[in-house]
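By convention in this document, chain letters (A, B, ...) are assigned in the order of the sequence lines, proteins followed by strands, and residues within each chain are numbered from 1. Note that this is a predicted model, so its numbers are computed, not measured.
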Protein chains: 2
Amino acid sequence: MISRAESAAATRRALLDAAAELLDSGGLDAVTLRAVGARAGVTRGAPYRHFLDKESLLIAVGTRAWDTLGDRMQALRAEPGLSAAEKIRGGLLALIDVGRFQPHLYKLMFSNPPGDPTALARAAQRSQTEFLAVVADLVGEQEARRYAALLISSANGIAGLQASGQLADPKWGGVSAEDLTDTLVDMIAGKGRHA
Amino acid sequence: MISRAESAAATRRALLDAAAELLDSGGLDAVTLRAVGARAGVTRGAPYRHFLDKESLLIAVGTRAWDTLGDRMQALRAEPGLSAAEKIRGGLLALIDVGRFQPHLYKLMFSNPPGDPTALARAAQRSQTEFLAVVADLVGEQEARRYAALLISSANGIAGLQASGQLADPKWGGVSAEDLTDTLVDMIAGKGRHA
DNA sequence: CTCAAGAGATGACATCGTCAACTGAAACTC
DNA sequence: GAGTTTCAGTTGACGATGTCATCTCTTGAG
């Protein structure tokens, strides 16, 4: 027996799944409320029972993606038998992989919606805080903020270039996202060791 | 006396200007063909005499932005009395400044439009080639590709984080885009000196 | 059993991108 | 210079979309 509240929660989840799937497969343009509703088995008006408007639905999709990334960061940080540098590398690649395999979702995660420009930044907090802690293990509290910001920026940029296909340009000599990440981590780790 | 071709070229320019202004002030949502036409002194159908569709108009706006950035890169590279590191710093900040002061334009420059995913990447070529040459002056031909890709990625990420307002978060301890750029250039320059 | 609450369906409206048909003036041909 | 062509720009129309108001019907509380 499913209660009404459970049914409503299931619909909400179905709407989020449908929006995420449409986003992955067809980009932002493919995410229309009518298509989302149809894929979730309801009609175009139903989303308004669960979200304020389309923008709120998209923010919820992005927030959920940030949450799962935050889980991965947290698990990675707690992983025994990994050096700080390896954890950093893993965290960066976790972010980069989203950009690589779900470029549209990735863009959504870093967009700031007109209505509430801080919504997604708030959702990103836990991921970034976890990452900050790992970086602090390598370079110390003192410099962690600066380097963590630089690392996340760089990973963001690598993922962005990869998502837009520019990394594939032969001009860069076939360098991969992993190569860039390794180069970056090496530079930071070098700094850390000398400090 | 203005010929018909001159008038048409002027209209085309007015349409590009109008689209760029609307993009800057109100974001992508504010760029409707009707609004663009109105601001350029024509009606909604006129853009179709100069561009295939709305996407082509936006690509043209992004292309023009890449061209002016390419000009700045070229001028910077030719500037006498600047070290390679200073030129690199200047080039990175030129890119970052677009992200900072024209975030919507910046996003457009790095978006790959569904119709022609390679159009803007082609427009970015000259800027990146100029930059690549400057980096080669610092770290040598051999490693220039890798480091240039990393630098552009990082600058892209810094600009992106700044554009989405996340850099302002006190979590990062008030680090600025300039700080990150300097840290980055120092690391590369260190590498370059030791190589 | 009664009835309020709320999830979902549906009709309607404004706005958007786009196309087809039309208008008028500049540019070309003879 | 008259006739014709070309083409920038206008206008009307259409389908799609986000959103609101209204309606229906099931669920859960009293």
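- Atom CZ of B:R39 has more than 12 heavy atoms from other residues, nucleotides or ligands within 6.0 Å.
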### Query
Can you give one letter per nucleotide of nucleotides 14-23 of chain C, going 5' to 3': B for a protein heavy atom under 4.0 Å from the base, S for sugar-phosphate only, - for none?
--BBB-----

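- Summarising the geometry, the separation between CG on A:L58 and C1' on D:dT17 is reported as 14 Å, rounded to the nearest angstrom.
- Around CD of B:E141, the count of heavy atoms belonging to other residues, nucleotides or ligands within 6.0 Å does not exceed 12.
- Across all strands, B:A8 comes closer than 4.0 Å only to sugar-phosphate atoms, never to a base (heavy-atom distances).
- Here the OH atom belonging to A:Y106 is positioned 9.5 Å from the CG atom belonging to A:L69, to the nearest 0.5 angstrom.
- B:S176 and B:D179 share a donor-acceptor pair across their side chains, judged by distance under 3.5 Å alone.
- DNA chain D is contacted by no residue of residues 102-114 of chain B, taking any non-hydrogen atom closer than 4.0 Å.
- In this structure, A:H50 reaches the C:dG8 phosphate: one of its side-chain N or O atoms is under 4.0 Å from OP1 or OP2.
- Atom CG in B:L76 sits 11.0 Å away from atom CZ in B:R89 (nearest 0.5 Å).
- Around the CD atom of A:Q142, the shell of radius 6.0 Å holds no more than 12 heavy atoms that belong to other residues, nucleotides or ligands.
- OP1 or OP2 of C:dG8 has at least one side-chain nitrogen or oxygen of A:T11 nearer than 4.0 Å.
- The environment of B:R100 atom CZ is dense: over 12 non-hydrogen atoms of other residues, nucleotides or ligands sit within 6.0 angstrom.
- Rounded to a whole Å, the CZ atom of A:R12 is 16 Å from the P atom of C:dG6.
- Electrostatic pairing of A:R64 and A:D17 counts as a salt bridge here, judged by a charged N lying under 4.0 Å from a carboxylate O.
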